[in-house]
Protein chains: 2
Amino acid sequence: MESSVKTDSKGRKKVYNACMEPCAIEKGMRLIGGKWKGSIIYHLKDEPVRFNDLSRMLGGATKKMVDQRLKELEEEGMVIRKVISDRPIAVTYELTEFGRSALKILDDLKVWSETHNIEISK
Amino acid sequence: MESSVKTDSKGRKKVYNACMEPCAIEKGMRLIGGKWKGSIIYHLKDEPVRFNDLSRMLGGATKKMVDQRLKELEEEGMVIRKVISDRPIAVTYELTEFGRSALKILDDLKVWSETHNIEISK
DNA sequence: ATTTGTGGTATATTTTAGTTACCATTTAAC
DNA sequence: GTTAAATGGTAACTAAAATATACCACAAAT
């Protein structure tokens with residue numbers, strides 16, 4: 001459905017099919033678009049990765065950020081947390097099928113981003 | 001380049017090719033992924049749209065948000081602002097070629113988001 | 001004179017991101 | 001045997017966004 005604005009005979013405007021809260025794109029962005037979220041998913045694409053390794057790979061993101069995003073991704077069913085050993089505690093994170101289904105978009109984004117070599121201010 | 005973590009003979013870890021600040025995916029997300037940004041671009045896909053019409057279409061986003069995002073998008077070269085008349089002031093926003101180049105990704109995201117019918121908490 | 005339209009801005013509040021330091025535990029080097 | 005680095009996090013705090021609510025000057029129609 002397309003949202004559109006119609007003007008009636010008296011010049012008054014009404015919106016049809018407005019995105020009432022988040023429309024499909026907004027929803028998708030909330031899953032994939034949060035800060036560091038795309039990167040996290042992308043770094044898990046090949047194999048399960050450990051928490052600290054993941055934090056190290058994402059230079060610029062703090063452990064708290066990584067932790068927070070991973071929890072969100074887990075809730076959203078895109079990532080699974082697995083405790084692979086007690087005592088020397090070890091945890092890995094890996095993608096679910098759903099998580100994996102987002103990889104194509106992220107890959108396209110990566111290519112797009114690279115071909116337009118983007119400058120970022122902050 | 002793939003980022004990876006290597007363990008040396010003494011068990012010490014080092015990261016190679018870490019995403020030092022924002023890697024390609026992060027960069028792309030900064031352009032497209034900000035709150036409401038994707039939606040704005042998508043609503044401009046067919047034709048130039050006026051400021052207030054755009055605000056109306058994006059239920060949930062305040063005018064301030066729309067204004068702020070449009071300015072960012074303008075700076076980033078994805079959108080052009082055109083004053084189409086003074087006195088009764090009228091302004092339209094339309095996509096540049098660069099802005100248009102992002103539509104495919106947004107469209108894929110939309111389809112992905114729709115096929116996985118996502119629930120959003122907040 | 002009131003309402004509706006135009007394209008915004010100012011102010012304040014709430015939410016999120018990011019920084020820094022710290023926990024308990026284990027293994028290995030000096 | 002003590003220091004150093006690893007493990008996976010958490011607590012407390014500050015800085016930066018997002019959001020809400022009003023409001024501007026101006027124009028045209030009711």
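The sequence lines fix the lettering, A, B, ..., with proteins before strands; numbering per chain opens at 1.
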Measure all distances between protein nitrogen or oxygen atoms and nitrogen or oxygen atoms of nucleotides 20-22 of chain D, and list the pairs falling under 3.5 Å.
none

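- Protein atom CG of B/Leu58 is 15 Å distant from nucleotide atom C1' of D/dA18, rounded to whole Å.
- Between the side chain of A/Ser113 and the main chain of A/His116, no donor-acceptor pair closer than 3.5 Å is present.
- With hydrophobic clusters built from ILVMFWY side chains whose heavy atoms lie under 4.5 angstrom apart, B/Val111 does not share a cluster with B/Ile32.
- Of the two residues contacting DNA chain D, namely A/Phe51 and B/Gln68, the nearest-nucleotide position lying further toward the 5' end is that of A/Phe51.
- Between B/Asp53 and B/Arg56 there is a salt bridge, with a side-chain nitrogen of the basic residue lying less than 4.0 Å from a carboxylate oxygen of the acidic one.
- Rounded to an integer number of Å, the gap from A/Arg50 CZ to D/dA6 P is 12 Å.
- Checking C/dG8, C/dA17, C/dT27 against the side-chain heavy atoms of A/Pro88 singles out C/dT27 as nearest.
- Salt bridge A/Lys45/A/Glu94: absent, no basic N to carboxylate O contact under 4.0 Å.
- Residue-level contact check: B/Asn52 touches the bases, meaning some heavy atom is under 4.0 Å from a base atom.
- Between B/Arg69 and B/Glu72 there is a salt bridge, with a side-chain nitrogen of the basic residue lying less than 4.0 Å from a carboxylate oxygen of the acidic one.
- Between B/Lys35 and A/Thr92, the one whose closest nucleotide on DNA chain D sits nearer the 5' end is A/Thr92.
- A straight line from CD of A/Glu72 to C1' of C/dT15 spans 13 Å, rounded to a whole angstrom.
- When the nucleotides D/dT19, D/dG8, D/dG9 are ranked by their closest atom to the side chain of A/Ile89, D/dG8 comes out on top.
- At whole-Å resolution of the value, CG in B/Asp86 and C1' in C/dT6 are 12 Å apart.
- In this model, the phosphate group of C/dT16 is not approached by any side-chain N or O of A/Arg69 to a distance below 4.0 Å at OP1 or OP2.
- B/Lys82 has its NZ atom 20 Å from the P atom of C/dT6, to the nearest Å.
- Distance from the side chain of B/Asp53 is smallest to C/dT6 among C/dT6, D/dT10, D/dG8.
- Electrostatic pairing of A/Glu75 and A/Lys71 does not count as a salt bridge here, judged by no charged N lying under 4.0 Å from a carboxylate O.
- Proximity of a side-chain donor or acceptor of A/Ser39 to a complementary backbone N or O of A/Tyr42 within less than 3.5 Å is not detected.
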